[in-house]
Undergrad: 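Starting off with a structure, shown below.
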Amino acid sequence: MNKGFMVVFDGSNGAGKTTVIKGVEKYLISKGLDVLLTREPGGTPIGEKIREVILDPSTPEMSYITELMLFGAGRAQHIEEKIVPALAQGKIVISDRFDAATFSFQHYARGIELQTIVKINDLALNGFSPDMNIILDLEPAEGLKRVHSRGEGLDRLEDEKAEFLEKARNGYLVQAQQSPEKFTVIDASQSKENVLKSVIQVIDSLLASQLGK
Ligand code: TMP
């Protein structure tokens, strides 16, 4: 394989992305493949600084447009500095969230106009698009229960009302319906083992289609 591909894990907060990503990484390494794990917001030194600003629960006054542009700024840096070079080296890039989150959270949940989101996202993406978004779908209330049971505090976005997280969840489901070739929805209320099994099936078919290219 001379060109890598990129898979994004996204979905409700607390749906188990971290565990699934670790399982997928292990699986790909066992197949002798070169994997790069990354995340958004974050992924680069600049992106991680932006992440701290975005998620800081002590600044609830952040304007929605500021928030949108910070996600966009981090994404532009992420693509140029990290993702494109890794793909050129034939790596499989796995990102914990990416551009679909901006549509879900900033458009469907925050209510920023779609055109504005597209403008910022297009600037950041500069024609780039991940190969597949795997959405781990879970009732937000159940996800937050899991976050609490891990003893973690809520970030600025998780600290929103239940309705906000419901809208974000629905945003992922709408995107998946609109672009079935770019999205796979997995029911994250299943056992961790079953979630991982379903995810690995998707990864296997992606590997098969890449090999066929
Ligand atoms: P994480 O908790 O999965 O690391 O994600 C951080 C939070 O940022 C999460 O609540 C989702 C949110 N988010 C957005 O609102 N827009 C985005 O574009 C991204 C990437 C994340």
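Every number for a ligand or one of its atoms is a count from 1 in the order of the listing. Keep in mind the model is a prediction, meaning the values are calculated, not measured. By convention here, the first residue in the shown sequence is residue 1. Just so it is clear, the values below take in all heavy atoms, side chains as well, and ignore hydrogens, waters and symmetry mates.
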Undergrad: In the structure I gave you, are the side-chain heavy atoms of F5 and V93 within less than 4.5 Å of one another anywhere?
TA: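 F5 vs V93: side chains apart.
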Undergrad: For atom 21 (C) of ligand 1, find the nearest protein heavy atom and state the residue, atom name and distance (0.1 Å precision).
TA: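 Result for atom 21 (C) of ligand 1: F71 CE2, 3.4 Å.
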Undergrad: What is the minimum heavy-atom distance between I79 and P85, and which atoms define it?
TA: O-CD, 3.9 Å
Undergrad: Output the list of atoms in ligand 1 that are nearer than 4.0 Å to some heavy atom of Q106, sorted by atom number.
TA: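 Listed by number with element: 14 (C), 15 (O), 16 (N), 17 (C), 18 (O).
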Undergrad: Relative to atom 6 (C) of ligand 1, which among A109, A15, P41 owns the nearest non-hydrogen atom?
TA: P41
Undergrad: Testing R75, H107, E67 one by one against T102 for a side-chain hydrogen bond (donor to acceptor under 3.5 Å, both in side chains), which residue passes?
TA: R75
Undergrad: Identify which one of T184, V8, V185 satisfies the side-chain contact (heavy atoms from CB on, under 4.5 Å) criterion when paired with N133.
TA: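 Only one option passes, and that is V8.
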Undergrad: Taking atom CD as the centre, does E80 end up with more than 12 heavy-atom neighbours from other residues, nucleotides or ligands that are less than 6.0 angstrom away?
TA: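 Result for CD/E80: open.
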Undergrad: At under 4.0 Å between heavy atoms, is it the side chain or the backbone of D155 that contacts ligand 1, or both, or neither?
TA: side chain
Undergrad: Hey, which atoms in ligand 1 end up nearer than 4.0 Å to a heavy atom of A101?
TA: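 Per the distance check, 16 (N), 17 (C), 18 (O), 19 (C), 20 (C), 21 (C).
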Undergrad: Are R110 and F105 in a cation-pi setup, meaning NZ or CZ lies under 6.0 angstrom from the ring centre and within 45 degrees of the ring axis?
TA: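 So R110 doesn't make the cation-pi contact.
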Undergrad: Is E139 paired with K145 through a side-chain N to carboxylate O contact shorter than 4.0 Å?
TA: no
Undergrad: Do E67 and ligand 1 have an N or O pair less than 3.5 Å apart?
TA: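 In this structure, E67 places no N or O atom under 3.5 Å from an N or O of ligand 1.
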Undergrad: Among all the protein's non-hydrogen atoms, which is closest to atom 7 (C) of ligand 1, and how far away is it?
TA: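 In this structure, atom 7 (C) of ligand 1 has L55 CD2, 3.7 Å as its nearest protein heavy atom.
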Undergrad: Go through ligand 1 atom by atom and flag the ones less than 4.0 Å from a non-hydrogen atom of T102.
TA: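 Once the distances to T102 are compared, the set is 17 (C), 18 (O).
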Undergrad: Assess K17 for proximity to ligand 1: is some non-hydrogen atom of it under 4.0 Å away?
TA: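 Yes; K17 lies near enough to ligand 1 that a heavy-atom distance drops under 4.0 Å.
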Undergrad: Check for me whether R110 has a heavy atom closer than 4.0 Å to any atom of ligand 1.
TA: no
Undergrad: Can you tell which of R39, R51, E40 gets a heavy atom nearest to atom 4 (O) of ligand 1?
TA: R51
Undergrad: May I ask you to say whether E193 pairs ionically with K197, meaning some side-chain N is under 4.0 Å from a carboxylate O?
TA: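 No, this pair does not count.
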Undergrad: Which part of N13 is near ligand 1, with near meaning a heavy atom under 4.0 Å away: side chain, backbone, both or neither?
TA: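 Side chain only; the backbone of N13 stays clear of ligand 1.
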Undergrad: Distance under 4.0 Å to a non-hydrogen atom of R75: what atoms of ligand 1 satisfy this?
TA: 18 (O), 20 (C)
Undergrad: What protein heavy atom is closest to atom 5 (O) of ligand 1, reported as residue, atom name and distance in Å?
TA: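 Ranking protein heavy atoms by distance from atom 5 (O) of ligand 1, first comes R97 NE, 3.1 Å.
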Undergrad: Do K192 and V20 have side chains that approach each other closer than 4.5 Å (heavy atoms only, starting at C-beta)?
TA: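 Counting from C-beta outward, K192 and V20 never come under 4.5 Å.
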